[in-house]
Structures are given as structure tokens and as C-alpha cells.
Undergrad: 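Would you mind keeping the following structure in view while I ask a few things?
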Amino acid sequence: MDHKTQSAYRKEKQQLEKIAAEITKQQKKLANYPRYSGNNVTEQVLESIREENRTSLAIAAKEPYFARMDFQEDDKESRSYYIGKVGVAHEDSQDSLVVDWRAPVASMFYAFTGGEEDVYYISPDGLIDGNIELKRNIVIRNQELQRVVDTYVEGSEDLSGSDEFLLYRLSENKDNRLRDIVSTIQAKQNDIIRAERTKPLIIQGAAGSGKTTVALHRLAYLLYEYRDTIQAGRMVIFAPNRMFLDYISGVLPELGVGGIQQSTFTDWTLSMIEEKVELNASGDDVQKWFGKKRPEIEKAEGRIKGSLAFKEWIDSSLEAYSAAVGPKGSFTPFEDRTLSEEKVQQWLSDLAAYPVGRKREMMVNRFRVWIKEEIKYMKTVYGSHVQKEYRKLANEKLTEYFKTWPKQTALSFYKLLFQTNTPSYISVSERDQVLNERLLKETAGRLKKKQLTPSDLAPLLYIQFKLNGINKDEVFQHIVIDEAQDFSPFQIALLIEVNRSRSFTILGDLAQGIHSYKGIHSWEEFRQLFNGKDLYIELEQSYRSTLEIIEYANEVISHANIPVQPAVPVFRSGERVIQQNVKKDDHVTTLLSTANEMSKRGMNTIAIVGRSEEECRTLFEEVSKQDKEANLITAQDRSYAGGLSIVPIYLTKGLEFDGVIIADACKENYRKDAEDAKLLYVGCTRALHELKIFYVGEPSQLLPN
Ligand SMILES: Nc1ncnc2c1ncn2[C@@H]1O[C@H](COP(=O)(O)OP(=O)(O)OP(=O)(O)O)[C@@H](O)[C@H]1O
């Protein structure tokens, strides 16, 4: 350490002691405060504020801050800002000691990269201009100062500190949880995190560009920035499977945020569908698309039922149904007592704003109330003995009258759409343009048994919304969709129904679109849903893997012809990617000895990646025979344990491992086509530090020479 660095280090140590002492003092005071559990509302509010402070201080105590920024506001003295995961103020003076990373002033720390850009932030008083003199990253562990790296010093030409600190962070080994990146958020990521809430964001990001991480930081930011108007419980993140949700579940608590809903699309729709249905979504379905003999993608059920054409046909059928049904004429349940046609029409127009199913329910109720009153009147004229008879008569007439307006549930309406004998309001010619004969028959057969496939979920729930409306507490204030390339346009259209403010963060990567039998092939398929009001951003810089791995993976994906820019690696060099032929009999031993050797070198998370679940099971059995601890990951898993995993390639999506070993990447396992190129690309880009590929016989033609 030179003299200047030593002196900076000493000063930062003193500052840390001062701030840590204040945090400890406040923590002690709060710990001594008796917890309130009574019924007084004011006291309850005060207790919840104290609880929030306890949580924030616990985060601050672990790592009070991670950065310092010296900023000179125009015409004022320069000031040092310490930036942390949560803000800390001096208890007596209320002076800010640490600013929250989400605060407007902290945005300059991320946005300013040392170039010619204007330096300013938007405070509640307006725009504040100025000059940044210093950007410093500070690593603190258990209240001990570990590292001080200046990433920008005014007047100095050397900007290498910024890269140095990022590379130090990226070179660390990972455990079984995704982590926050508050100390190294990059300028473009910062723009996404802080983008306007009501603008739908669509982000195409290369593998490892930080999409998932950025989305989680954006949620934390939105909750901070709009704390008076939005609630965590009304925000949701949709992720591809439960294991992935478990993998990302640590980030929000690390950022001091709780209560945000996390779900898979399937789980959410099933919880919303009011009728009892059975989902026919065995793991075998997934196998079908990744097996050796695969069906044609464009004819896939998911592509057809997920299309906007299918939605439009449902919309026109629903409209035609609403127009065709309704009460006709006056209603006479017994002689002399008539509900006039005029009255009926007036009631209908009162209820015009309600969805057709709700309208029917409310009309029937109004009729019932009217009948009750009439029977009361009849009783006064003829005596109470007539009540039973008139009630029976009126009910029969009511059923008869509403025959022109048959009750439809979402499921019964959905069934109608696929029937051979459809009501006249369903356009069969339009249907023939959207659905093929086989799909029509198959769906009709399944729906008779109340069985759905995943592709039926969005249309069914959509019909339910259109027939019965949506409850206020089912509406979201912000929706994050991760791995969005696997969503269909219909699914997005459905989510727009429950998020009318269109506050979306939609993230994905077409190059990883391995579920293209149900997902999109171009972002335009979503963008058209937002009528040009979306903000489309591409992230090319990839942070996860070394230069060697990204270059290798880019060669693999070049066979798929994807209309997006390839990933650009950060300059982090590592081991060369190894591609090696092995004899069949030596395959498993080689995989295992490679994993052992990686583990000896300190890697925490290692994956042996197989082509199919079946292959992984066999590998797992072999490994177990050798008394080696490993986890077999299957589609049903709900948690990810880290360590050594044996995992089918299509289930690695979203995850990352220090070392990745691809098993048998032979010519037969990975064909030279777009689908297999995407699969292999996903597998390769899971590796942070090392990638090793083995094959028996001839290598896949996707492997670089
Ligand atoms: N600014 C950053 N600073 C430090 N690490 C970062 C940064 N951005 C991303 N990373 C790291 O890069 C890795 C990839 O991030 P993440 O999983 O969020 O990317 P992704 O785009 O969702 O990836 P994929 O699509 O390949 O699953 C993670 O380890 C994350 O911590």
C-alpha cells in the first residue's frame, strides 16, 4: 500500500468506527424497547415503524455501506456521501450518515462513469447539478474494513479502478443463491432499475447480463421511490419454475424488501381459476420437446393457443355471445303481475358497465327481489297459503325466461369453443383459420374430463375475467416476468388485464428460447400489445462468464441465427474451454474426476449437465455408487442446494455454477440445428469460471473446431 492509500484506508477506518458505533447504539435502544402487541392503533403503527428500523439496522450492522461518493453541488462545498443498502441517520441530529442506494443522489454513483456526461440528480427541490470528485468502493465484512478501491478520482486519467473492482466481484465463487449487486450496478443496468414505473419495459439481455438481478433491484427501487403509492404485496415476479424461485429468493431480503409475490405463471393461474380443473402437465411433455424425435414447432399447441389470433377469436366469440344473449320481452310470473319490458331494459342499461356474467347474475338477483315483493303482495290479497304455489310458479317462469341467457362459466364457455355443435354466435370459419382439426378434437376430449394443458390456462382465465370481471385485490401494481421469451403473447395480454397501469418489467433472451414451441420468436410479438408505448432495451454486456466461455458459447449460438446481438464479455480471462473425446467406458469416471478436481480447487457449485432427465438419472446412479455426494435436479424440484448437481441441460436455465461439465456432447445428442444450438448455448453460459465438454464418439457439429 502506498502512503496515499494508507492514509485513505486509515480515514475510512475511522469513519466506519463512527458509523458502526451509531448503528450499534440505535440497535441497542430498539432492542430494549418492549414490543407492543396490544390493540391501540397508534401504538401498532409505532411498533411497525420500530420493526422496520430493526430490520434496516440489522442490514446496516452487517455492512453499513459499500461506497463513498464526493460530490460538489454547484456553488457549495464538496460533501462525502456514504452509500449503503439502507439509509442511516444520526439519531439526535437526524443528519444523514449513510444514504440508501435507491435515493436520487446515489443514482449519480452508478450513472457517472468518468466520461464527459453531465452530473446531476433530481431532488424533490428540482435538478441539482454539480461535480463528482471521487467514487470509491469500500468492502466491509462483519464491520471490518477489508478493501478500499477508488473507481474514479477527479483529474486522474486512470479509470481502471472501476473495472478492477467489478472483476474482483465477478471472480468470486458462488453458492446456491443469487446475490445482490448494489456495489457494482452498471450504468445501463441503473437506467433500467430506475426507469419510469408506468412504462412497460421489454429487455432483451444476453446470457449473464444481469436480467434477473436487475429485475429484483428494480422491484426494491420501485418500492422505495413510490413507497406512498405502491405496496409490496401488489407486486409480483413470475419465474419459470419453483427451483428458480428458491434460487433467487435471497436477493430481496438482502435488499431489505419483503412481501413481494413470487410465483410461476402456472401456479398463479391455477390459484385464480375459480372452477375445479386438472392440469395435465407431466414432465414427459417437456421431454417430448427435448427428446430425439421432436414435433414441429409451428404446429405446437402452445404456439397456437398462445397466439394473438387465438385471443382475437375468443374476444369476438365473447362479444358475439354478449350481444346474442339477454332477456327478451316482459316477464309475467303469474297472472296480472308483469315486469314490463321497459323496466327490464332499464335495469339492463343500469348494469351496462358490468361484464356479461356478472350482469346476468345481478339481473337474476333483481328479478328475485321483484318476485319476492310480488309474492308478498299476493299474500296480502289471497292469504299466506298461496305463497308456496306462487314461489314455485315464479321460479319455473324465471328459468324459462332466462333460457335466452344461459349461464356460462369460463370452463363451459371455453368448452363451447371446441365443440362440433357450437352456438351460432361462435364463428366456425374463424375457428378453422386458427385451430387445426387435431387440436380441436384433442382439446374437446380433454375438456369433457375437465383436463387442461398448460396452454389452456391463459385463455381460460382470460374468459373468466371477461365474464366475471376482476376483483380489486387481484390487480397488480407491477409485474416482473423473467425468462419472458418462454411466455406467449396471450399470457402477456392476460397479465395486462390484471395490470391496467401497464407497469411491467419483461426480461428475456431469444438466444435462450429453448421453449420456442410455446414462447416467442421475436420481441415484436409482445411489443405490439403495448401500442408503441413500451421501452425496448438490449443488454449485451455479459458479467457471469469468463471471456473464453462467452467466446466459445457465441460460436455455438451462431448456428441458430437469432436476431439479437451476441453477448459481449467483460475482460475477465480464465481457463481455456476444454473439449475432449472420451471412451464410452471412461465417460462417467472422467466426468466425476473432473468434478472432484474442480471441487478441490475451491469451486462451490459444480454442474454435470446431461442431455435428458433419463441420462442424468443414470449418471446419478453411477455417482451414488461411488459414494460421491451429488444432487439430481428434476423438473419437480423446488429447491436448489448448490454443491455438485447433475442436471438436464434444459433445467439449467437461469442458474449458474462455478464450473460446468457438459456430458456427452456427441453428434447425436446435439444436432446441428437452431433448437439444439440454443440448448447447448444455455448449458455453456451457466459457467462462471470453467467449462469442460466431453463427448463419446463424434463431437456435435455445434462445437467450435
Ligand atoms: N453489475 C454487476 N455487478 C456484479 N455482478 C453482476 C452484475 N450484473 C450481473 N452480475 C452477475 O452476473 C451473473 C448473472 O446475472 P443474472 O443471473 O441476473 O443474469 P441473467 O441475464 O438473468 O442471466 P441468464 O439469462 O443467463 O440466466 C450473476 O452472478 C450476477 O451476480
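Excluded from the calculations below are hydrogen atoms, water molecules and symmetry mates; all remaining heavy atoms, backbone and side chain alike, are included. Start at 1 and go down the list; that is how both ligands and their atoms are numbered.
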Undergrad: Give a yes or no on whether the ring-centroid distance for Y221 and Y224 is below 6.0 angstrom.
TA: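 They do not qualify: ring centres at least 6.0 Å apart.
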
Undergrad: For Y536, I'd like to know if atom OH has over 12 heavy atoms of other residues, nucleotides or ligands within 6.0 Å.
TA: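 Atom OH in Y536 is crowded, with more than 12 foreign heavy atoms closer than 6.0 Å.
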
Undergrad: Please state which option from G210, S183, G205 has its nearest heavy atom closest to atom 9 (C) of ligand 1.
TA: G210

Undergrad: At less than 4.0 angstrom from any non-hydrogen atom of T212, what atoms of ligand 1 do you find?
TA: 18 (O), 22 (O)

Undergrad: Check for me whether K85 meets the cation-pi criterion with F66, that is, NZ or CZ under 6.0 Å from the six-membered ring centre and within 45 degrees of the ring axis.
TA: no

Undergrad: How are the rings of F238 and W268 set relative to one another: parallel (under 30°), tilted (30 to 60°) or perpendicular (over 60°)?
TA: perpendicular

Undergrad: Assert yes or no for the condition that the ring centre distance of Y517 to H515 is strictly below 6.0 Å.
TA: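 Under 6.0 Å, so yes.
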
Undergrad: Check whether any side-chain heavy atom of S249 sits under 4.5 Å from a side-chain heavy atom of R177, and report yes or no.
TA: yes

Undergrad: One residue to check: I181. Relative to ligand 1, which of side chain, backbone, both or neither has a non-hydrogen atom less than 4.0 Å away?
TA: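 Side chain only.
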
Undergrad: Please check if the number of heavy atoms outside R576 that lie under 6.0 Å from its CZ is greater than 12.
TA: no

Undergrad: Of all the non-hydrogen atoms in the protein, which one sits nearest to atom 11 (C) of ligand 1, and at what distance?
TA: Y543 CB, 4.2 Å

Undergrad: Is G208 close to ligand 1, meaning an N/O of one under 3.5 Å from an N/O of the other?
TA: yes

Undergrad: So is T685 touching ligand 1 or not, going by heavy atoms under 4.0 Å?
TA: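 The answer is no, since T685 has no heavy atom less than 4.0 Å from ligand 1.
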
Undergrad: Pull out every atom of ligand 1 sitting under 4.0 Å from any heavy atom of A207, numbered as shown with elements.
TA: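 Close to A207: 26 (O).
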
Undergrad: Within less than 4.0 angstrom of ligand 1, does S209 place any heavy atom?
TA: yes

Undergrad: Show the nearest heavy-atom pair for residues L245 and I237, with the distance to one decimal.
TA: CD2-O, 4.5 Å

Undergrad: At a 4.0 Å threshold, what atoms of ligand 1 neighbour a non-hydrogen atom of Q186?
TA: 1 (N)

Undergrad: Would you mind running through ligand 1 and noting each atom that sits below 4.0 Å from a heavy atom of E656?
TA: 13 (C), 14 (C), 28 (C), 29 (O)

Undergrad: Using a 4.0 Å cut-off to any heavy atom of Q512, which atoms of ligand 1 qualify?
TA: 24 (P), 25 (O), 26 (O)

Undergrad: Could you list the atoms of ligand 1 found under 4.0 angstrom from a heavy atom of L170?
TA: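 Counting from 1, the qualifying ligand atoms are 4 (C), 5 (N), 6 (C).
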
Undergrad: Heavy-atom contacts with A206 under 4.0 Å: which atoms of ligand 1 show up? List them by number with element.
TA: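 Result: 21 (O).
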
Undergrad: What atoms of ligand 1 come within less than 4.0 Å of a heavy atom belonging to K174?
TA: 29 (O), 31 (O)

Undergrad: When D534 is tested against each of R527, K199, R502 for side-chain hydrogen bond (donor to acceptor under 3.5 Å, both in side chains), which residue passes?
TA: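 It is R527; the other options fail the test.
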
Undergrad: May I ask you to identify the nearest protein heavy atom to atom 8 (N) of ligand 1, giving residue, atom name and distance to one decimal place in Å?
TA: Q189 NE2, 3.0 Å

Undergrad: Is it true that, when you exclude E144 itself, more than 12 heavy atoms of the residues, nucleotides or ligands shown sit nearer than 6.0 Å to its CD?
TA: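 For E144, atom CD is not crowded (no more than 12 foreign heavy atoms under 6.0 Å).
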
Undergrad: Determine whether the aromatic ring centres of residues F526 and F487 are separated by less than 6.0 angstrom.
TA: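 No, the ring of F487 stays outside the 6.0 Å limit from the ring of F526, centre to centre.
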
Undergrad: Please walk me through it: do F109 and Y81 pass ring-ring contact (aromatic ring centres under 6.0 Å, His included)?
TA: CA-CA 10 Å; F109 180 77; Y81 291 88; over 10 Å; no

Undergrad: In chain order, what residues pass the side chain to side chain donor-acceptor pair (under 3.5 Å) check against T184, with sequence neighbours excluded?
TA: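 Partners of T184 by the side chain to side chain donor-acceptor pair (under 3.5 Å) criterion come out as none, since no residue qualifies.
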
Undergrad: For ligand 1, does K653 get within less than 4.0 Å through its side chain, its backbone, both, or neither, judged by non-hydrogen atoms?
TA: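 For K653, no heavy atom sits under 4.0 Å from ligand 1.
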
Undergrad: What protein heavy atom is closest to atom 17 (O) of ligand 1, reported as residue, atom name and distance in Å?
TA: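 Atom 17 (O) of ligand 1 sits closest to the protein heavy atom R544 NH2, 3.0 Å.
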
Undergrad: Of all the heavy atoms in L166, does at least one lie under 4.0 Å from an atom in ligand 1?
TA: yes

Undergrad: Counting non-hydrogen protein atoms only, what is the nearest one to atom 27 (O) of ligand 1? Give residue, atom name and distance.
TA: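 For atom 27 (O) of ligand 1, the nearest protein heavy atom is R686 NH1, 3.1 Å.
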
Undergrad: Note the single closest protein heavy atom to atom 20 (P) of ligand 1, along with its residue, its atom name and the distance in Å.
TA: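 Protein heavy atom with the smallest distance to atom 20 (P) of ligand 1: K211 N, 3.4 Å.
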
Undergrad: Please write down residue, atom name and distance for the protein heavy atom closest to atom 3 (N) of ligand 1.
TA: T184 OG1, 2.7 Å

Undergrad: Identify, for atom 18 (O) of ligand 1, the protein heavy atom at the shortest distance, and state residue, atom and that distance.
TA: T213 OG1, 2.4 Å

